[in-house]
Amino acid sequence: GDSLSIVANACVAEFGQPASTGSLGLAINAIELDGRDDPTALDVTISFSGFEEEGFGTLSGAVRLWFKDDASGGQQLRVSYSATAVSERGDGLAYDFDISGGSGSSGDGAFDMNGTFVIGGAGYAMTSTTLRFNTGASHPTSGSVTLRDFLGNTVTLRARGDTFDLEFRPFGAPFPLIIPGFLWGAQRLG
């Protein structure tokens with residue numbers, strides 16, 4: 001339950017560096033330690049309100065980070081962006097989504113991504129089925145991620161072992177255009 005708040009008003013850490021303004025908060029929601037005082041679980045929230053480093057844009061919103069070691073020797077992890085807005089030189093980004101997943105002791109794992117984001121005024125929704133990794137794979141081996149724009153057009157990436165398919169479906173189209181068989185390695189994605 002410990003928390004820390006910092007409020008800056010044209011603060012300069014070092015002479016000649018840009019000034020910072022705004023507030024930054026850190027809340028430790030939960031922490032668990034093992035017998036050696038090493039963390040086995042952590043839940044923290046970092047919040048920003050009008051935080052700006054002069055000449056670099058502003059940051060507002062919150063990011064929550066959670067992880068926990070599980071009994072099998074693996075880990076569970078979740079990163080949540082809540083009404084997080086970034087503006088840099090007039091270009092705006094907004095995030096409101098979760099990434100959650102975990103890994104087993106053997107190196108296999110899975111994750112999901114769901115939520116919305118806005119880039120330069122265009123909104124997108126992202127949903128996934130669970131993306132799974134097998135031991136030693138540097139890319140998803142099964143599952144899918146779908147990106148939908150504000151007009152209703154969708155692009156879906158479907159993992160199929162060492163390859164993935166891309167599906168594009170314009171809004172109202174009865175069937176998607178499917179481009180199969182991209183190699184993860186050839187796309188520098190795994």
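Just the heavy atoms: all of them, side chains too, but no hydrogens, waters or symmetry mates, feed the values below. Because the structure is a prediction, the values reported are computed rather than measured. Along the sequence shown, the residues carry numbers beginning at 1.
Atom-to-atom distance recorded for Leu147:CG and Thr127:OG1 is 8.5 Å, nearest 0.5 angstrom. Once rounded to the nearest 0.5 Å, the distance linking CG of Leu131 with CD1 of Ile99 reads 11.0 Å. Leu166 CG to Ile178 CD1: the interatomic distance, rounded to the nearest 0.5 Å, is 10.5 Å. Put simply, CG on Asp96 and OG1 on Thr116 are 5.0 Å apart, with the number rounded to the nearest 0.5 Å. From Ile46, atom CD1 reaches atom CG of Leu4 across 10.5 Å, with rounding to the nearest 0.5 Å.
For the ring pair (Phe, Tyr, Trp, His ring centres under 6.0 Å) test, no residue two or more places apart in sequence or in another chain qualifies with Phe51. Checked against salt bridge (charged side-chain N to carboxylate O under 4.0 Å, His left out), Asp98 has the following partners two or more places apart in sequence or in another chain: Arg78. Judged as a salt bridge (charged side-chain N to carboxylate O under 4.0 Å, His left out), and not counting sequence neighbours, the contacts of Asp34 are Arg36. For Glu54, there are no side chain to side chain donor-acceptor pair (under 3.5 Å) partners two or more places apart in sequence or in a different chain. Taking Tyr124 as the reference, Phe117 meet the ring pair (Phe, Tyr, Trp, His ring centres under 6.0 Å) condition, with sequence neighbours excluded. Scanning for side chain to side chain donor-acceptor pair (under 3.5 Å) contacts around Thr156 gives Thr146, with sequence neighbours left out. With sequence neighbours excluded, the residues satisfying ring pair (Phe, Tyr, Trp, His ring centres under 6.0 Å) with Phe111 are Phe133. With sequence neighbours left out, Gln75 forms a side chain to side chain donor-acceptor pair (under 3.5 Å) with Asp69.
Leu59 is listed as a side-chain neighbour of Thr84, based on a closest heavy-atom distance under 4.5 Å. With contacts defined as side-chain heavy-atom distances shorter than 4.5 Å, the pair Val63/Val79 qualifies.
Residue pairs meeting the side-chain hydrogen bond (donor to acceptor under 3.5 Å, both in side chains) criterion with at least one member in residues 3-21: none, sequence neighbours excluded. The stretch residues 165-183 participates, sequence neighbours left out, in these side-chain hydrogen bond (donor to acceptor under 3.5 Å, both in side chains) pairs: Arg158-Glu167, Arg160-Asp165.
Residues Phe168 and Val155 come closest through the heavy atom pair CD1-CG2, 3.8 Å. Looking at every heavy atom in both residues, Leu42 comes nearest to Val44 through CD1-CG1, 3.7 Å. The nearest pair of heavy atoms linking Leu77 to Phe67 is CD1-CB, 4.0 Å. The shortest non-hydrogen separation linking Arg132 to Ala110 is NH1-CB, 3.4 Å. A pairwise comparison of heavy atoms in Pro140 and Ala159 identifies O-CB, 3.6 Å as the closest pair. Pairing each heavy atom of Phe56 with each of Pro18, the nearest pair is CE1-CG, 3.7 Å.
A side-chain donor-acceptor contact under 3.5 Å links Trp184 to the backbone of Thr163. For Ser128 (side chain) and Met113 (main-chain N/O), a donor-acceptor pair under 3.5 Å exists by modelled atom type. Side-chain atoms of Ser60 come within 3.5 Å of backbone atoms of Gly50 as a donor-acceptor pair (strictly under, hydrogens ignored).
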Donor-acceptor contacts under 3.5 Å from residues 23-31 side chains, at least two apart:
residue: Asn29; atom: ND2; partner: Asp43; partner atom: OD1; Å: 3.0
residue: Asn29; atom: ND2; partner: Thr45; partner atom: OG1; Å: 2.9

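Under the 30°/60° scheme for interplanar angles, the aromatic rings of Tyr81 and Tyr95 are found to be tilted.
Taking Ile, Leu, Val, Met, Phe, Trp and Tyr as members and joining any whose side-chain heavy atoms lie under 4.5 Å apart, directly or through other members, the hydrophobic cluster of Leu151 also contains Phe150.
Val145 and Ile119 end up in the same hydrophobic cluster when Ile, Leu, Val, Met, Phe, Trp and Tyr side chains are linked at under 4.5 Å.
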